[in-house]
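Every heavy atom of this structure was used, including side-chain atoms; hydrogens, water molecules and symmetry mates were not. Fair warning: this is a prediction, and the values are worked out from it, not measured in the lab.
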Amino acid sequence: METKKNKRAVIVGLFVAIGIVIFLAGVFTLGGQQKAFVRTVTVTAVFDDVSGLQQGNNVWFSGVKIGTVKKIEFYDKSQVKVTMHIENKAREFIRADAKAKIGSDGLIGNKIIVIVGGTPNAPAIEGDENLAVEGSFDTDDMMATLEESNNNLLDITTDFKKVSNNLATGQGSLGALLNERDLYNQLSTVVARLNAAAQNSEQLTRSLAQYTSSLNTPGTLSADLISDTVIMPSLKAAASQLNIASQHASALTGNLKNALSNLDSNNSTVGVLLHDKKAASDLRSTLGNLNSGSKKLDENLEALQHNFLLRGFFRKKAKREAKAAQDSAKASE
């Protein structure tokens, strides 16, 4: 009887021990998942909408779980303040200017908080920081975008249906082109003419290319004019000289014109001589008198040379002139 009681007590004790071990294993397992036995720091973030985030959800950074959500409470008028516990070993990698946003663990999984961004020059978090918030793209936004895309696709399909119907019934230019043979033949003719014009343009381009290559052939006048650095400056200098000569010729022509106009005028001396017969006659008479006067003057000078009072003066003068001529001849020798 006592043996049965002892055996029952051992079995009960064994089950209790197994239950305690299972309980402790569960506690440690849940504690490990929830980071209950890890040193952490506390940070907060204020969201306008947490999209179903719950206490105990995970916090991720660069694809690694680094903490959990410990508290969710309303803040200010309509915002939500989320308190997070971040592992101390991950603290040094999170910068004070990092941002927090709401994400999903998979397409339709639990909501999580994702910490992103941060500049290397910013200090690491120390605890009790309030992180900035970045807007997130949740499932509702995706559904709204898909709905808008479906509406746009429906509109496009409706428009395409109308266009195809018009084409089938021959409405519009393209519909007429598809259904009327004469219009198609005319368009084919136009295309053929355009093709011929394109060929002619190609031939013209080829001819221009050949002409351009001939201009660049060494030894030709055009190539020398283009490439020679001596001919062009010479041509420019000749053109400049021709321009100056034409200016001088123009000035000479103007002077000759003025001179001719003065000759035709009775106000100038030459004009009077050309047009006034009386003045010409007087000039001839004056010239005759001067000629006769000069003859008489020569006779008087010759008579003075023979005069005994001036004969010595003229002889000395003649001797000086002869001596000067001799000295000049010797000097030239």
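- The minimum heavy-atom distance linking Gln55 with Ile72 is given by the pair N-CD1, 3.6 Å.
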Practice item. Output, in order, the C-alpha distance, side-chain angles, deciding distance and verdict of side-chain hydrogen bond (donor to acceptor under 3.5 Å, both in side chains) for Asp128 and Thr42. Key: CA-CA 5 Å; Asp128 297 330; Thr42 301; 5.0 Å; no
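- In terms of heavy atoms, Lys99 sits closest to Glu134 at CD-OE1, 4.0 Å.
- Under the 3.5 Å distance criterion, the side-chain polar atoms of Asn57 are matched with a main-chain donor or acceptor of Gln54.
- Distance check, rounded to the nearest 0.5 Å: CD of Glu92 to CD of Glu126 gives 11.0 Å.
- Here Leu153 contributes atom CG and Thr157 contributes atom OG1; the two are 4.5 Å apart, rounded to the nearest 0.5 Å.
- Not a single donor-acceptor pair under 3.5 Å links the side chain of Arg95 to the backbone N or O of Pro123.
- With no hydrogens or angles considered, a side-chain donor-acceptor pair links Lys65 and Asn58 at under 3.5 Å.
- In this structure, the salt bridge (charged side-chain N to carboxylate O under 4.0 Å, His left out) partners of Glu73, at least two apart in sequence or on a different chain, are Lys71.
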Would you tabulate the side-chain donor-acceptor contacts of residues 191-209 under 3.5 Å, counting partners in other chains and residues two or more places apart, or write 'none'?
{"unit_1": "Asn200", "atom_1": "ND2", "unit_2": "Ala196", "atom_2": "O", "d": "3.3"}
{"unit_1": "Glu202", "atom_1": "OE2", "unit_2": "Arg206", "atom_2": "NH2", "d": "3.4"}
{"unit_1": "Thr205", "atom_1": "OG1", "unit_2": "Ser201", "atom_2": "O", "d": "2.8"}
{"unit_1": "Ser207", "atom_1": "OG", "unit_2": "Gln203", "atom_2": "O", "d": "3.0"}

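- Val41 and Val59 fall within the same hydrophobic cluster, where Ile, Leu, Val, Met, Phe, Trp and Tyr residues are linked whenever their side-chain heavy atoms come under 4.5 Å apart, directly or through other members.
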Practice item. Might you work through the side chain to side chain contact (heavy atoms under 4.5 Å, CB included) test for Phe61 and Val114, ending with a clear yes or no? Key: CA-CA 6 Å; Phe61 177 74; Val114 181; over 6 Å; no
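- Looking only at atom types and distance, the side chain of Asp97 has a donor-acceptor partner in the side chain of Thr119 under 3.5 Å away.
- The structure places NZ of Lys101 at 14.0 Å from CG of Leu131, a figure rounded to the nearest 0.5 Å.
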Practice item. Go through the steps for Leu53 and Val69 under the test side chain to side chain contact (heavy atoms under 4.5 Å, CB included), then give the verdict. Key: CA-CA 9 Å; Leu53 181 71; Val69 176; 4.3 Å; yes
Exercise for review: Mind running side chain to side chain contact (heavy atoms under 4.5 Å, CB included) on Thr40 and Thr68 for me, showing each step along the way?
Suggested key: CA-CA 10 Å; Thr40 60; Thr68 57; over 6 Å; no
Point to revise | Step-by-step side chain to side chain contact (heavy atoms under 4.5 Å, CB included) determination, Met84 to Ile113 | key: CA-CA 9 Å; Met84 297 166 280; Ile113 291 183; 3.6 Å; yes
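- Arg91 places a side-chain N or O within donor-acceptor distance of the main-chain N or O of Ile125, the cut-off being under 3.5 Å.
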